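Because the structure is predicted, anything quoted here is derived from the model rather than measured. Residue numbers start from 1 in every chain, and the chains themselves are labelled A, B, ... in the order their sequence lines are given, proteins ahead of strands. Reckoned from all heavy atoms, side chains included, excluding hydrogens, waters and symmetry mates.
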Number of protein chains: 2
Amino acid sequence: MAKVNSPPLTPAGFQVLLAIARGHAHGYGIMGFVDEVTGGSVQLGPGTLYRTLARLSADGLVEEAPHRTEDEPHDARRRYYRLTDLGLRVARREAALLQRLAAESAEAGLLGERARTA
Amino acid sequence: MAKVNSPPLTPAGFQVLLAIARGHAHGYGIMGFVDEVTGGSVQLGPGTLYRTLARLSADGLVEEAPHRTEDEPHDARRRYYRLTDLGLRVARREAALLQRLAAESAEAGLLGERARTA
DNA sequence: CTCGTTCTATCCATTACGGATATATCGAGA
DNA sequence: TCTCGATATATCCGTAATGGATAGAACGAG
């Protein structure tokens, strides 16, 4: 049985995995997605982004994919990525943790019931 | 109107705020709660924990609370904390972001549908 | 009184982050 | 075709966050 001991995933690392899972396959697109989905409260600069992509790739969580000649007009500068099997498992595990924390947050009264009195 | 520009919240910072919101008011108890609620996948060592508490306190997100002489048998070593109004707002905002990310994870198929084929 | 546990606190090495900078390609338009 | 701003990737560097080791005081059981 393969070790499921995944290498530690950084916050930025999860953002990137999530963006790729959502179909944003190249670096620049990932930046925009993260900014948008978090309402601007998380912003990956180029430094963090490409360093994170390199680490995820070295850890075997993502791999470079061939250019998609279909819909996209083929931009030679772009590098596309996709999740590996391991990357998918890691992303799922992290997503489950997030869900758990969101549930705890709800238990703690941190969700919903906003400005009830005011 | 007060600035809502909260100081940046670190991952460890949110864990601590959540633990306090859940009623774990002193450092050592927070360590145990975080370990437990995350199934051991997040572990705050003493270094991170107390440094984080100090920073949260300096930023006005938490404040020290008087010892609870009621249920607890009074342990003079313990230091109790509670959320400030600002801390509560920040925790809520972060919890909402978490929820959003969990929802995106679901959209990406990272939640549920586990080992369908196997 | 003694000892193991609880609890807070600080120090240090490693790592992650954020932003500036560099460079190359693309597409629009003169 | 030549120029220029926007797109896209990549690296560098200073700052901050993390993890783990270490220290030491107060607690409770025996």
Give me the residues of residues 23-32 of chain B where at least one heavy atom lies under 4.0 Å from an atom of DNA chain C, by number, or none.
B:H26, B:G27, B:Y28, B:M31
Expressed in angstrom and rounded to an integer, what is the separation of A:L53 atom CG from D:dA10 atom C1'?
11 Å
When we call it a touch if two heavy atoms are under 4.0 Å apart, what does B:A12 touch: a base, just sugar-phosphate, or nothing?
sugar-phosphate
Taking for each residue the nucleotide of DNA chain C bearing the nearest heavy atom, is the 5' side occupied by A:L44 or by A:A76?
A:L44
Roughly how far, to the nearest 0.5 Å, is CZ of A:R92 from CG of A:L17?
12.5 Å
Do side-chain atoms of A:T52 reach the backbone of A:T48 as a donor and acceptor pair under 3.5 angstrom?
yes
With sugar-phosphate meaning primed atoms plus P, OP1 and OP2, does B:P46 contact a base, only sugar-phosphate, or nothing at under 4.0 Å between heavy atoms?
base
Does the A:T84 side chain pair with the main chain of A:L61, one donor and one acceptor, at a distance under 3.5 Å?
yes
Can you tell me how far CG of A:L88 sits from CZ of A:R82, rounded to the nearest 0.5 angstrom?
13.0 Å
Write down the distance between CG (A:L9) and P (D:dG19), rounded to a whole number of angstrom.
13 Å
Mind jotting down which residue pairs meet the ring-ring contact (aromatic ring centres under 6.0 Å, His included) criterion with at least one end in residues 7-27 of chain B? Sequence neighbours excluded, please.
B:H24-B:F33, B:H26-B:Y80
Distance in angstrom units between A:L49 CG and C:dA16 P, rounded:
15 Å
So does B:T10 get a side-chain nitrogen or oxygen closer than 4.0 Å to the phosphate oxygens (OP1/OP2) of D:dT18?
yes
On DNA chain C, more 5' by nearest nucleotide between B:T48 and A:R51 is B:T48
Using modelled atom types and a 3.5 Å cut-off, is there a donor and acceptor pairing between side-chain atoms of B:S57 and backbone atoms of B:L53?
no
Distance in angstrom units between A:D75 CG and D:dA6 P, rounded
16 Å
For A:Y50 and C:dG18, give me the distance from atom OH to atom C1', rounded to whole Å.
15 Å
Inter-residue atom distance A:Q99.CD - A:L97.CG, 0.5 Å rounding
10.5 Å
N/O (side chain, B:R79) to phosphate O (OP1/OP2, C:dC7) under 4.0 Å:
no
